[in-house]
Amino acid sequence: MSKNSKRYSKESRLIHGEMKTSVWDYSHNVVPPLSSNSTFRLDSSERGSMGFEEYANNKNNKPIYIYDRLEEPTTMMLEQRLAEAEGGDQALTFASGMAAISTTLLALIKSGQRIITHHILYGCTDSLLRDSFADLKIDVTRVNMCNIKEIQKNITKETRIIYLETPLNPTLEMMDIPSISSIVKKENAKRDGGNKIYLIVDNTFMTPWGQRPIHHGADIVVHSLTKAIGGYGTDTAGAAIVPNEIYSKLQIKRKDFGGMLSSRSAWSILTYGIPTLPLRVKKQQESAKKIAEYLESHPKVKNVKWPGLRSFKGQKIAKKQMQDPEGNFFPGFMIYFEIKSNKQNIGSKFVNFIAKNSYSITLAVSLGNIKTLIECPFSMTHSVIPEEEKLENNLDQNGIRLSVGLESPEDLKKDLEAAFSSI
Ligand SMILES: Cc1ncc(COP(=O)(O)O)c(C=O)c1O
């Protein structure tokens with residue numbers, strides 16, 4: 001079966017993956033079994049010592065399993081599926097999106113070196129860079145990453161990482177991955193390999209179904225699998241999809257920091273999340289279109305950001321890089337909108353009404369869930385970012401983030417309309 005699998009579509013390959021490789025043989029299973037061992041039986045101390053030696057030297061083509069925190073078959077199976085979905089060399093899974101992001105960054109940067117990123121980022125990534133990285137004397141330079149010239153201007157010999165989210169959480173602003181990548185490639189051509197700059201893209205909002213940054217020139221993709229890839233809201237998990245050259249380095253950091261993913265969570269993402277990803281996000285996007293159009297025509301809405309709307313500012317870039325594996329434009333299932341009002345608390349009034357009265361919309365952080373989730377990023381997920389920085393970068397007090405789920409869009413409109421009537 002696996003012999004010819006490469007000629008099948010991404011959709012089918014996300015369902016089947018590879019049931020037999022040099023690392024596992026599940027060719028007699030329909031669903032891969034869940035391996036759950038904190039430690040593995042070794043036949044001899046020599047085999048144990050060979051296992052450690054091979055692990056340290058990245059010879060895990062046919063791994064000798066030693067201990068769950070180092071590597072184990074169920075998580076490796078999920079990693080293989082993720083690497084293929086993103087079009088990268090290899091993937092590593094982690095206990096959360098934040099474990100993936102922090103471990104990846106710390107594997108690539110040291111005190112005195114520089115990360116260039118945007119003014120706004122997902123709140124915990126922002127806080128990691130603002131607090132912990134400042135303590136480690138890692139310079140975090142924030143620029144408007146929608147403006148390529150600003151990135152170029154701020155690259156110094158200390159720069160090692162360019163980190164971005166596109167579309168940006170929560171305002172969906174676009175950053176041009178191919179153009180940023182070409183700046184990085186030009187700069188790297190002048191440097192030796194040990195000093196190269198890595199372009200890292202957080203692809204959580206899009207999933208590999210809707211955008212594959214490595215194809216557009218990114219070096220590394222990070223994910224919160226807690227979101228649309230997991231899909232059902234049952235597991236917290238993260239991943240980094242990386243080139244072969246840094247796999248081993250990152251694997252060792254994961255072993256030492258200890259943020260590996262539990263095989264039980266890996267199994268459920270592999271069994272439920274990954275195979276249903278295309279089905280879910282296609283339907284979510286279809287509904288998002290209807291909701292975005294409804295919001296855009298609503299008299300109480302100041303503006304709506306959804307990359308599929310004609311009014312969307314970065315649509316040219318969006319069309320270039322946000323595509324499903326068949327090449328169709330994939331504007332996604334995330335919507336950001338602002339309520340028209342001079343009152344600063346109108347956004348929270350709106351979501352509070354939803355929390356108390358809605359059946360189809362849930363007030364909760366997270367996104368990409370089968371259930372539609374709503375929140376106020378200014379005071380919730382992005383609360384750590386200084387107020388002036390948010391206001392200067394299009395993140396408004398009355399801005400609302402909506403992650404469209406699988407409910408009937410008519411029901412979602414019904415619940416939104418009731419909330420609009422309440423303000
Ligand atoms: C874009 C983005 N990246 C990373 C994360 C962190 O993921 P996790 O909550 O799985 O640690 C989140 C969480 O909301 C997110 O929205």
Side-chain angles (χ1 to χ4, degrees), residues 75 78 82 86 91-106 115 117-130 132-133 145 161 163-175 177 200-208 210-211 213 218 220-241 254 257-262 265-266 268-269 273 281 284 305 307 322 332-336 362-369 371 373-385 395 399-405:
T75 50
L78 173 61
L82 288 166
E86 282 290 355
L92 293 111
T93 50
F94 293 85
S96 66
M98 285 317 301
I101 294 167
S102 56
T103 312
T104 305
L105 294 178
L106 287 169
I115 298 182
T117 192
H118 192 64
H119 293 289
I120 303 274
L121 287 170
Y122 164 60
C124 296
T125 310
D126 189 276
S127 134
L128 171 78
L129 301 185
R130 207 173 282 280
S132 308
F133 277 38
M145 304 265 283
I161 293 173
Y163 184 92
L164 57 96
E165 292 169 4
T166 182
L168 183 68
N169 181 2
T171 54
L172 298 163
E173 275 159 86
M174 284 292 127
M175 282 143 221
I177 306 171
I200 306 182
V201 177
D202 181 334
N203 201 27
T204 301
F205 264 37
M206 291 312 296
T207 82
Q211 176 172 271
I220 296 170
V221 168
V222 289
H223 273 289
S224 167
L225 304 176
T226 319
K227 311 293 162 22
I229 294 182
Y232 297 91
T234 54
D235 294 276
T236 300
I241 294 87
R254 180 180 62 177
F257 292 149
M260 83 296 169
L261 181 60
S262 101
S265 289
S268 80
I269 296 169
V281 294
Q284 285 170 253
K305 306 273 169 56
M322 291 160 64
F333 48 81
M334 296 301 296
I335 299 174
Y336 176 79
T362 307
L363 168 58
V365 298
S366 201
L367 57 104
N369 198 290
K371 295 188 178 180
L373 305 180
I374 199 163
E375 65 123 2
C376 293
F378 194 94
S379 57
M380 295 175 64
T381 47
H382 293 67
S383 55
V384 292
I385 304 172
L395 181 48
I400 290 176
R401 188 182 81 177
L402 190 67
S403 168
V404 179

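Throughout, numbering of the chain's residues begins at 1 and tracks the sequence. One-based numbering, in listed order, for ligands and for the atoms of each.
Evaluation of the side chain to side chain contact (heavy atoms under 4.5 Å, CB included) rule for Ser102 yields Leu128 as partners, not counting sequence neighbours. By the side chain to side chain contact (heavy atoms under 4.5 Å, CB included) test, Asp202 is found to be paired with Ile101, Tyr163, Glu165, Thr204, Val222, residues two or more places apart in sequence or in another chain being considered.
The contact shell of ligand 1, taken as protein residues with any non-hydrogen atom closer than 4.0 angstrom, comprises Ser96, Gly97, Met98, Ile101, Tyr122, Asn169, Asp202, Thr204, Ser224, Thr226, Lys227, Ala237, Leu367.
Ser366 and Leu373 make their closest contact through O-CD1, 3.5 Å (heavy atoms, listed as atom of the first residue, atom of the second, distance).
Neither side chain, Glu173 nor His118, offers a donor N or O lying under 3.5 Å from an acceptor on the other.
A salt bridge (Lys or Arg N to Asp or Glu O under 4.0 Å) check over residues 373-383, counting only residues at least two apart or in different chains, returns the pairs Glu375-Arg401.
In this structure, the side chains of Lys305 and Pro167 stay at 4.5 Å or more apart for every pair of heavy atoms.
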